[in-house]
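Just the heavy atoms: all of them, side chains too, but no hydrogens, waters or symmetry mates, feed the values below.
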Amino acid sequence: MERLTQLLENNRAWANSILANDPEFFKKLSTQQNPEYLWIGCSDSRVPANQITGLAPGEIFVHRNVANIVVETDFNVLAVMQYAVDVLKVRHIIVCGHYGCGGVRAALENFRHGMIDNWLAGIRSLARRNKEELDALDTDTAVDRLCELNVLSQAAHVARTTILEDAWERGQEIAIHSWIYRLSTGLITTLAPPIKGSLDISH
Ligand code: ZN
């Protein structure tokens, strides 16, 4: 319980520090949000979207799940994407994975983990499609390579949704970015050029 009290105290200190710089910050932010970015990332506690990109509240719309998966039967991610694209009119969708992802590692392992195996089915089939390349690597390197392939695959899934197809059709400018974060350095690298239209999808 004491730890939770600490969180609430942290919250007050944080709010006060923001107000010290801009007394109207929360008042202004409470009436509207106008983020330019949608972040689709992993739930991993070590990959917090705002902190690693240096963005303030109001600047990035965020969806996170285990292993940053975008699947067309998941109403959660679709609802987030539709709101971000159609209402908030974000200009950039960032799919950001991370090396050493536990979800991706679980997808490569040959034993049952529980319900999560169903969630990871798409990554398991991605691993099967790239079996030859992955089999030639040691386990940790194979996990990291599959983390990269997963980001590229999920970015392509975003591009193939009716949400993006319709937005591009109407002439809305949105770029989809494939990024990966390294836990051991705190640095993000870009895996591929941005996808700016249906013709840019390579996976
Ligand atoms: Zn992860």
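- In this structure, the separation between CD on E148 and CG on N130 is 11.5 Å, given to the nearest 0.5 Å.
- For CD of E133, the number of neighbouring non-hydrogen atoms (other residues, nucleotides, ligands) closer than 6.0 Å is greater than 12.
- Nearest heavy-atom pair across P48 and S45 is CD-O, 4.1 Å.
- In this model, no donor atom of one side chain and acceptor atom of the other lie less than 3.5 Å apart for N150 and S153.
- Residue R46 holds its CZ atom at 9.0 Å from SG of C101, rounded to the nearest 0.5 Å.
- The CD atom of Q6 sits 11.5 Å away from atom CG of N11, with the distance rounded to the nearest 0.5 Å.
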Check the pair L19 / W14 against side-chain contact (heavy atoms from CB on, under 4.5 Å), numbers first and verdict last.
CA-CA 9 Å; L19 290 175; W14 170 78; over 6 Å; no

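- Contact record, P35 with V90: O-CG1, 3.6 Å, taken as the closest heavy-atom pair.
- Connection of V62 to V80 is not established within any shared hydrophobic cluster, with ILVMFWY side chains joined at heavy-atom distances below 4.5 Å, either directly or through further cluster members.
- G103 and L120 make their closest contact through O-CD1, 3.3 Å (heavy atoms, listed as atom of the first residue, atom of the second, distance).
- Neither Y37 nor Y83 shares a network with the other; the hydrophobic side chains, linked directly or stepwise wherever heavy atoms of I, L, V, M, F, W or Y lie under 4.5 Å apart, form separate groups for each.
- Using modelled atom types, one side-chain atom of W168 and one backbone atom of I174 make a donor-acceptor pair closer than 3.5 Å.
- Placement of I40 and L164 within a single hydrophobic cluster is found when ILVMFWY residues are connected by side-chain heavy-atom separations under 4.5 Å, directly or transitively.
- Within a 6.0 Å radius of NZ in K27, other residues, nucleotides and ligands contribute 12 heavy atoms or fewer.
- More than 12 heavy atoms of other residues, nucleotides or ligands lie within 6.0 Å of NZ in K89, so this atom counts as buried by the packing criterion.
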Passes salt bridge (Lys or Arg N to Asp or Glu O under 4.0 Å), E165 versus R160? Steps please.
CA-CA 7 Å; E165 282 179 357; R160 288 203 193 94; over 6 Å; no

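- When all heavy atoms of I123 and A107 are compared, the pair lying nearest together is CG2-CB, 3.7 Å.
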For the pair D117 and R124, evaluate side-chain contact (heavy atoms from CB on, under 4.5 Å) and give the outcome as yes or no after the intermediate values.
CA-CA 9 Å; D117 292 324; R124 289 214 311 275; 3.6 Å; yes

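- Using a 4.0 Å cut-off between charged side-chain N and carboxylate O, D135 and K131 make a salt bridge.
- Once rounded to the nearest 0.5 Å, the distance linking SG of C147 with CG of L191 reads 10.0 Å.
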Exercise answer: donor-acceptor pairs, residues 175-185 side-chain atoms, under 3.5 Å, sequence neighbours excluded:
unit_1: H177; atom_1: NE2; unit_2: H92; atom_2: ND1; d: 2.8
unit_1: T185; atom_1: OG1; unit_2: L187; atom_2: N; d: 3.2

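- The CG atom of N16 sits 11.5 Å away from the CG atom of N21 when rounded to the nearest 0.5 Å.
- For the residue pair I195 and A159, the shortest heavy atom distance occurs at CG2-CB, 4.0 Å.
- In this structure, the salt bridge (charged side-chain N to carboxylate O under 4.0 Å, His left out) partners of R105, at least two apart in sequence or on a different chain, are D140.
- The hydrophobic cluster of M115 has no other members, since no ILVMFWY side-chain heavy atom comes under 4.5 Å of it.
- Side-chain atoms of R145 and L149, non-hydrogen and from C-beta on, do get closer than 4.5 Å to each other.
- Taking CD of E109 as the start and OG1 of T139 as the end, the distance is 9.0 Å to the nearest 0.5 Å.
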Pair I94, L38 - check side-chain contact (heavy atoms from CB on, under 4.5 Å), show working.
CA-CA 6 Å; I94 299 159; L38 165 62; over 6 Å; no

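- Residue R170 places its CZ atom among more than 12 non-hydrogen atoms of other residues, nucleotides or ligands, all under 6.0 Å distant.
- Shown here is E36, whose CD atom has more than 12 heavy atoms of other residues, nucleotides or ligands within 6.0 Å.
- Residues passing the ring pair (Phe, Tyr, Trp, His ring centres under 6.0 Å) test with F111 are H113, sequence neighbours excluded.
- M81 and I60 sit in two unconnected hydrophobic clusters of ILVMFWY residues. Membership requires side-chain heavy atoms under 4.5 Å apart, directly or through other members.
- Taking the ring pair (Phe, Tyr, Trp, His ring centres under 6.0 Å) definition, one finds that F25 meets it with nothing, sequence neighbours left out.
- For the side-chain contact (heavy atoms from CB on, under 4.5 Å) criterion with I93, the lone passing option out of V158, V70, I163 is V158.
- Listed by first and then second residue, the side chain to side chain donor-acceptor pair (under 3.5 Å) pairs that reach into residues 50-74 are H63-N65, sequence neighbours excluded.
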Stepwise side-chain contact (heavy atoms from CB on, under 4.5 Å) test for V71 and W119
CA-CA 10 Å; V71 56; W119 176 247; 4.3 Å; yes

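- Hydrophobic clustering, with ILVMFWY side chains joined whenever heavy atoms are under 4.5 angstrom apart, keeps I188 apart from L152.
- With respect to R12 and E9, no salt bridge is recorded, no charged nitrogen being found less than 4.0 Å from a carboxylate O.
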Could you walk me through whether D144 and T141 satisfy the side chain to side chain donor-acceptor pair (under 3.5 Å) test, starting with their C-alpha distance in whole Å, then the side-chain angles of each, then the deciding distance to 0.1 Å, before giving a yes or no?
CA-CA 5 Å; D144 285 351; T141 315; over 6 Å; no

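- In plain terms, the two heavy atoms of A84 and F61 that are nearest each other are CB-CD2, 3.8 Å.
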